[in-house]
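These notes are about the structure you will find just below.
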Amino acid sequence: MMSPHIFNTSFLLAVLLLSMTSLSTAGVGRNVKVQQEKDRIIKLPGQPPNVSFSQYSGYITVDAKAGRALFYWLIQVPEKSRPTSKPLVLWLNGGPGCSSIAYGASEEVGPFRVQSDGKTLSLNPYAWNKEANLLFLDSPAGVGFSYSNTSAGLYTVGDKRTGGEAYTFLIKWLERFPQYKHRPFFIAGESYAGHYIPELTRIIVRRNKGVKKPVLNFKGFLLMLMGFISLLLTVLQGPISDTCIPASMAATWHPCSKEDEEKIYKSSDSESYGRKLLEFSDFSSDIFRRSLAGATEDKCSAKGKVAFMSASAIHELHIFIFVLAVVHILYCITTYALGKTKMRRWKVWENETKTIEYQYYNDPERFRFARDTSFGRRHLNFWSKSSFSLWIVCFFRQFFGSFNKVDYLTLRHGFITAHLAPGSQTRFDFQKYIDRSLEEDFKVVVGISPIIWFVAVLFLLSNTNGGYAHYWLPFIPLIIILLVGTKLQVIITKMGLRIQDRGDVVKGAPLVQPDDDLFWFGRPRFLLFLIHLVLFQNAFQLAFFIWSTYEFTIKSCFHKSTAAIILRISIGVIIQVLCSYVTLPLYALVTQMGSTMRPTIFHERVAAAVQSWHHEAKKHTKHGHRSASTTPFSSRPATPTHGMSPVHLL
């Protein structure tokens with residue numbers, strides 16, 4: 001049995017330890033609050049008066065030995081929205097070398113916008129801190145307000161170290177702001193942050209593995225990249241840059257010959273060339289950016305080889321993909337707008353089909369020779385009997401009177417007769433149907449399929465020294481678009497020849513019959529793929545010219561001569577005109593002459609009615625023919641009848 005003296009002594013020691021722990025905790029708590037108050041931003045210069053959220057900024061040391069510290073800016077949710085209940089979002093900008101404070105916070109998702117006077121601030125109505133506490137970080141050291149006391153560290157920084165130091169920052173920052181521990185945590189960023197964020201995410205996931213209540217309660221990340229290809233490049237950067245190939249093989253892929261490289265990179269006036277491939281002349285901001293992108297452990301040089309693609313090359317590829325995406329979208333929009341302008345006259349032709357004169361001229365009781373009709377005189381001639389002369393005439397016809405009213409009205413008549421109910425000639429709007437179909441097709445064209453990406457890779461690989469791609473590559477889309485235009489004209493003429501094959505005499509208007517066999521491989525959509533390829537290739541040529549000029553100047557070996565530059569630009573303009581004013585209207589009209597009609601045959605009102613009708617049919621089918629049991633004497637049928645179907649609205 002414990003003596004009273006021993007019990008009292010033990011009790012006093014326990015009380016003393018608890019008191020010391022409480023005092024220590026209170027001291028730590030006071031120190032945390034003191035440090036937070038030191039970092040608190042009372043008011044920014046030019047800040048508007050109606051700010052209802054708290055702000056903090058300061059430095060966190062991530063490497064004491066090297067003297068590296070990262071700068072942060074915390075912007076909390078407004079007090080009325082209870083910031084303690086909202087998640088924490090870390091924002092990282094890319095570049096590499098772009099400040100998250102200067103760009104992400106001040107120009108993108110932050111709460112303030114700098115006014116045109118450069119002195120005052122205004123509130124951003126779309127700021128993210130309305131829903132989350134935002135933590136902007138200038139990373140790595142040397143970016144924005146973040147610093148390093150040793151300049152050598154700026155040359156050796158890479159994506160892995162950047163991710164590691166960002167993790168160190170977060171752990172130390174949470175000690176300064178412990179109220180954010182265990183809070184739902186997200187990472188967001190854009191551009192080259194797509195390299196930092198996966199590295200940081202990998203560290204967080206590994207450290208949290210097996211921890212029931214992690215300090216960093218990581219929930220996910222958001223990357224603003226140019227599509228799936230950019231994401232793949234980001235995720236696979238390590239394996240790609242670690243893939244080694246012989247130096248002799250790599251030399252065959254250079255855009256410049258060895259002599260050209262020596263002339264350019266050893267030129268005395270190299271400063272006038274701006275940014276050049278593989279050139280590091282001084283410690284400028286551009287060199288720092290390249291160091292950030294490319295400083296990785298060189299595993300290939302130890303083997304006497306070179307990397308298949310360095311980190312710097314992958315970064316340049318990201319930039320090119322961005323330029324290509326922008327140019328491709330703008331190019332498609334321009335083509336579509338110009339093509340629609342050319343097709344405006346079709347509305348007049350469509351209205352003409354509702355007139356008495358049109359119906360009288362195409363009286364079904366009127367007999368004529370096929371060759372004497374307007375459509376016959378245009379297509380049934382001596383040259384249409386030979387395949388060779390047919391293709392020659394159709395090739396030139398696409399430039400002169402590529403399509404006219406006769407073709408439109410004849411194809412319209414054939415489409416309606418083949419696909420719609422009798423009596424639809426005066427009620428169906430063929431022109432609106434074509435517009436809706438073309439809109440759906442362009443949703444495909446604006447995108448970039450895996451096959452198109454594969455073609456893009458081949459184009460990139462063709463731009464090597466000795467390949468002379470700058471001379472022959474621009475002609476590929478020109479040849480394709482001319483072939484497509486000629487084929488569309490041939491299809492119209494062949495439909496006319498099939499009329500004559502059925503008999504020399506026609507009753508009423510000439511009747512063409514839609515058929516997939518008229519198209520290459522029996523697939524009308526294959527023509528859409530070719531037009532898609534042409535538009536992309538033309539956009540690729542322009543984007544490559546813009547990117548290579550911006551990155552390596554007009555004097556680089558990407559542009560061998562002035563003649564090559566003029567050739568590339570002039571052919572691009574020619575293709576734009578051909579595709580917009582000739583091929584696109586022809587495609588929109590002729591591809592309707594396949595064996596089946598498009599789903600866009602239904603306008604929005606009818607499509608909604610069809611969906612409702614289908615839903616009712618499924619419901620009654622599910623309950624069986626006794627679905628009317630709720631109203632036993634109802635005369636309503638169990639499933640919709642023909643009269644209930646919205647198809648009659650066509």
Side-chain angles (χ1 to χ4, degrees), residues 225-233 253-256 277 309 313-339 441-465 467-484 526-554 556-561 563-580 583-584:
L225 297 171
M226 291 307 299
F228 184 66
I229 297 298
S230 288
L231 180 61
L232 280 181
L233 286 174
W253 292 345
H254 287 183
C256 308
L277 191 65
M309 285 187 71
I314 295 175
H315 174 60
E316 292 294 343
L317 193 55
H318 274 291
I319 297 175
F320 174 71
I321 290 174
F322 172 78
V323 176
L324 176 60
V326 172
V327 172
H328 179 61
I329 292 173
L330 292 177
Y331 193 79
C332 288
I333 292 174
T334 303
T335 303
Y336 181 76
L338 293 175
D441 287 342
F442 253 76
K443 291 178 183 179
V444 177
V445 171
V446 172
I448 303 177
S449 65
I451 297 177
I452 299 295
W453 274 122
F454 176 73
V455 174
V457 172
L458 295 180
F459 289 157
L460 283 173
L461 294 177
S462 67
N463 281 281
T464 58
N465 176 53
Y468 300 102
H470 50 284
Y471 286 120
W472 57 264
L473 198 57
F475 285 98
I476 292 180
L478 179 62
I479 294 172
I480 293 175
I481 203 67
L482 290 175
L483 284 174
V484 170
F526 181 68
L527 294 175
L528 177 64
F529 168 76
L530 293 178
I531 292 176
H532 188 185
L533 180 63
V534 167
L535 290 175
F536 178 80
Q537 165 62 359
N538 214 31
F540 178 92
Q541 290 290 327
L542 181 58
F544 189 83
F545 176 77
I546 295 172
W547 167 78
S548 58
T549 301
Y550 173 74
E551 290 292 321
F552 312 114
T553 77
I554 198 71
S556 69
C557 52
F558 284 112
H559 313 293
K560 295 289 185 180
S561 63
I565 297 174
I566 296 174
L567 180 68
R568 179 174 291 176
I569 296 176
S570 59
I571 290 183
V573 173
I574 293 172
I575 293 173
Q576 173 72 56
V577 173
L578 283 175
C579 198
S580 302
T583 311
L584 186 63

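- Residue I546 holds its CD1 atom at 10.0 Å from CZ of F320, rounded to the nearest 0.5 Å.
- Rounded to the nearest 0.5 angstrom, L542 CG and L324 CG are separated by 10.0 Å.
- Checked by atom type and distance alone, the side chain of S580 never pairs as donor or acceptor with a backbone atom of V577 at under 3.5 Å.
- Atom CD1 of I480 and atom CG of L535 lie 11.0 Å apart (nearest 0.5 Å).
- By the 4.5 Å heavy-atom criterion applied to side chains, Q537 and L473 are counted as neighbours.
- The aromatic rings of F540 and F544 lie parallel to each other, with less than 30° between the two planes, well short of the 60° mark.
- What you find for Q576 and N538 is that their closest heavy atoms are N-ND2, 4.2 Å.
- Of the candidates T335, I329, T334, I333, Y331 forms a side chain to side chain contact (heavy atoms under 4.5 Å, CB included) with just one, namely T335.
- The minimum heavy-atom distance between P477 and V534, with the atom names listed, is O-CG2, 3.7 Å.
- Among all heavy-atom pairs drawn from I481 and C579, the shortest one is CD1-SG, 3.9 Å.
- Here the closest non-hydrogen pair linking G339 and L584 is CA-CD2, 3.9 Å.
- Between F442 and Y336, the ring-plane angle classifies as tilted under the 30° and 60° cut-offs.
- Side chain of S548 to main chain of F545: a donor-acceptor pair is present (N/O by atom type, distance under 3.5 Å, no hydrogens or angles).
- Closest approach of Q541 and P474 over heavy atoms only: OE1-CG, 4.0 Å.
- Atom CG of L330 has more than 12 heavy atoms from other residues, nucleotides or ligands within 6.0 Å.
- Atom CZ in F529 sits 11.0 Å away from atom CZ in F536 (nearest 0.5 Å).
- With a 4.5 Å cut-off on side-chain heavy atoms, L578 and L478 count as touching.
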